[in-house]
Amino acid sequence: MKDKNISRRSFLKIFGAGTVATAATLVGCKNTDKAGKQAVSEYRNQVEPPVGKMTYRVNPKTKEKVSLLGYGMMRLPTKVDKPDEFDQEMINKQIDYALEHGLNYIDTSPVYCQGKSERCTGIALSRHKRSEYLVATKLSNFNHDYWSFEKSKEMYLNSMKELQVDYIDYYLLHAIGGGMEEFNGRYIDNGIMDFLQKERQAGRIRNLGFSFHGKKEVFDEMMARHDEFRWDFVQIELNYLDWDYANEISNANVDASYLYAELQKRGIPAVIMEPLLGGRLANLPQYLATELKSHAPERSVASWAFRYAGSHEGVLCVLSGMTYMEHLKDNLLSYCPLVPLTEDEMRYLDKEVAKKIVGLENIPCNDCKYCMPCPYGIDIPAIFVHYNKCKNEGSLPMGVGDSEYRKHRRQYLISLDRVVPRDRQPDHCIQCGQCEPHCPQSIRIPRELRKIDEMIESLRRDPLGLGVNDKK
């Protein structure tokens with residue numbers, strides 16, 4: 001971790017670990033030792049989702065039925081007594097429960113969860129008949145060393161080994177959008193795209209597509225070359241905030257309304273990622289959460305985002321990383337069966353709720369951990385998630401004029417130390433900038449870390465909220 005020139009190979013080996021950041025997403029300013037209990041507080045009186053009621057969409061190519069809810073294996077549960085180890089028993093239990101309730105689409109990647117997601121997923125799924133599930137994984141050859149044909153092919157073949165399958169239902173070029181030079185280097189110049197198309201013809205890849213983050217011109221080029229590549233599906237980020245405001249939040253992102261419309265024109269099914277924006281649409285400010293609850297007291301805040309994504313007819317499947325059984329059950333309730341949003345409800349989320357969220361001016365971190373690992377050990381996602389959560393709760397200490405400054409100051413500093421260890425906090429950032437190019441949301445990470453660090457330093461030096469410049 002002391003080598004600031006850490007390679008992307010190391011990234012591939014250890015990316016995705018970060019259950020600390022996952023816990024931060026769930027509990028924000030709370031003590032992460034109680035993450036499980038606090039994460040399920042909204043579901044205390046949760047009812048059991050019905051069996052046999054899952055809503056399905058039909059793949060136009062294969063004519064197979066795909067569950068509207070897909071299981072994203074990016075944030076797997078860990079053992080309570082050994083938080084660095086993934087809880088295979090719980091993973092098995094949750095996969096069993098999901099399949100029992102009709103979920104059949106499972107999404108993973110070679111780089112998720114310290115590179116262990118595919119293996120954990122394969123163990124859980126191998127206990128079931130191959131016909132009971134559809135598995136999706138990715139060619140995650142981010143590291144330049146993996147741009148060679150041999151290394152990319154090795155990654156593809158290893159996925160089947162780890163997943164214990166002899167064919168992959170949905171195979172994706174992972175997170176394209178950085179630029180056409182990068183796309184050509186990863187997939188075209190090395191010949192791997194020709195190989196994958198041949199694998200599709202042979203039936204070892206049943207559907208070939210890509211997941212998209214980034215530049216509009218790359219997406220447009222992929223659409224223009226649809227006749228050449230024959231995309232069977234495309235994975236995009238779609239939710240009621242990104243529908244019209246993705247580009248406003250970050251000018252490097254593309255509005256979901258545009259991406260979805262372009263896929264619809266060509267009859268390409270959309271698989272949806274980030275329906276909750278890494279938990280941001282489940283952890284709304286209290287006044288917004290209360291507003292949504294007033295419209296549907298029996299539903300969770302998260303269910304609004306899931307119903308929004310599922311209400312678009314061109315959506316084949318909506319992915320969710322479900323660390324806790326309670327999240328799995330709640331999402332199943334949203335889709336067993338789906339009750340589509342009305343036009344008024346869609347407009348309410350698009351035009352009213354989304355606009356209010358944009359006005360919060362939060363750091364647009366989705367807790368995807370693509371920025372990790374930091375060569376200096378900084379837990380970037382956990383810091384941003386903690387800051388956003390406290391800001392949304394109205395508990396950020398505001399200094400002069402804040403009648404509860406001392407309370408908010410103490411709460412922020414103590415909760416930060418609980419969520420992020422001292423040696424992983426923003427004061428350790430040297431502004432090397434290695435994280436920034438990997439952020440799908442194009443966050444200026446070093447700048448945001450510096451701003452938070454300056455705020456923290458001010459809080460530690462100004463216990464009375466007098467303003468640093470006023471102190472003698």
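In plain terms, the two heavy atoms of L139 and S152 that are nearest each other are CD1-O, 3.5 Å.
Residues satisfying the salt bridge (charged side-chain N to carboxylate O under 4.0 Å, His left out) criterion with E454, sequence neighbours excluded, are absent altogether. Applying the ring-ring contact (aromatic ring centres under 6.0 Å, His included) rule to Y105 yields the partners Y170; only residues at least two apart in sequence or on another chain are considered. Scanning for side chain to side chain contact (heavy atoms under 4.5 Å, CB included) contacts around K265 gives E262, with sequence neighbours left out. Judged as a salt bridge (charged side-chain N to carboxylate O under 4.0 Å, His left out), and not counting sequence neighbours, E150 has no contacts. Y335 is linked by a ring-ring contact (aromatic ring centres under 6.0 Å, His included) to nothing, counting only residues two or more places apart in sequence or in another chain. Partners of N331 under the side-chain hydrogen bond (donor to acceptor under 3.5 Å, both in side chains) rule, at least two apart in sequence or in another chain, are S320. In this structure K82 satisfies the side-chain hydrogen bond (donor to acceptor under 3.5 Å, both in side chains) test with no other residue, sequence neighbours excluded. Shown here are the salt bridge (charged side-chain N to carboxylate O under 4.0 Å, His left out) partners of R347, two or more places apart in sequence or in another chain: D344. Residues meeting the side-chain hydrogen bond (donor to acceptor under 3.5 Å, both in side chains) test with Q94, sequence neighbours left out: Y71. Partners of F195 by ring-ring contact (aromatic ring centres under 6.0 Å, His included), not counting sequence neighbours, listed by chain and number: F149, Y156. When the salt bridge (charged side-chain N to carboxylate O under 4.0 Å, His left out) test is applied to R127, the partners found at least two apart in sequence or on another chain are D96. The ring-ring contact (aromatic ring centres under 6.0 Å, His included) search around H312 returns W243, Y260, Y308, not counting sequence neighbours.
Checked by atom type, the side-chain pair T108/E118 shows no donor-acceptor distance below 3.5 Å. Using modelled atom types and a 3.5 Å distance limit, the side chains of D169 and N207 yield no donor-acceptor pair. At a cut-off of 3.5 Å, with distance as the only test, no side-chain donor of E154 or N158 sits close to an acceptor on the other residue. Inspection of the S303 and S334 side chains reveals no N or O donor paired with an N or O acceptor under 3.5 Å.
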- Query: Between D87 and T78, does a side-chain contact (heavy atoms from CB on, under 4.5 Å) hold up when you go through it step by step?
  - Reply: CA-CA 5 Å; D87 190 341; T78 57; 5.7 Å; no
- Message: Does R447 form a side-chain contact (heavy atoms from CB on, under 4.5 Å) with E436? I'd like the steps, not just the answer.
- Response: CA-CA 10 Å; R447 184 187 70 172; E436 193 165 315; over 6 Å; no
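The environment of R119 atom CZ is sparse: at most 12 non-hydrogen atoms of other residues, nucleotides or ligands sit within 6.0 angstrom. Other residues, nucleotides and ligands contribute over 12 non-hydrogen atoms within 6.0 Å of the CZ atom of R130. Heavy atoms of other residues, nucleotides or ligands lying less than 6.0 angstrom from CD of E313 number 12 at most. Other residues, nucleotides and ligands contribute only 12 or fewer heavy atoms inside 6.0 Å of the CD atom of E89.
Contact check on D227 versus R225 returns no salt bridge, with no Lys/Arg side-chain nitrogen under 4.0 Å from an Asp/Glu carboxylate oxygen. Ion pair K329/E326 not flagged as a salt bridge, since none of the NZ, NE, NH1 or NH2 atoms sits closer than 4.0 Å to an Asp/Glu carboxylate oxygen.
In summary, the aromatic rings of F183 and Y187 are positioned with their centroids under 6.0 Å apart.
Proximity of K116 to M73: side-chain heavy atoms (C-beta onward) are nowhere separated by under 4.5 Å.
Under a 3.5 Å cut-off, the side chain of N239 and the backbone N or O of L276 do not form any donor-acceptor pair.
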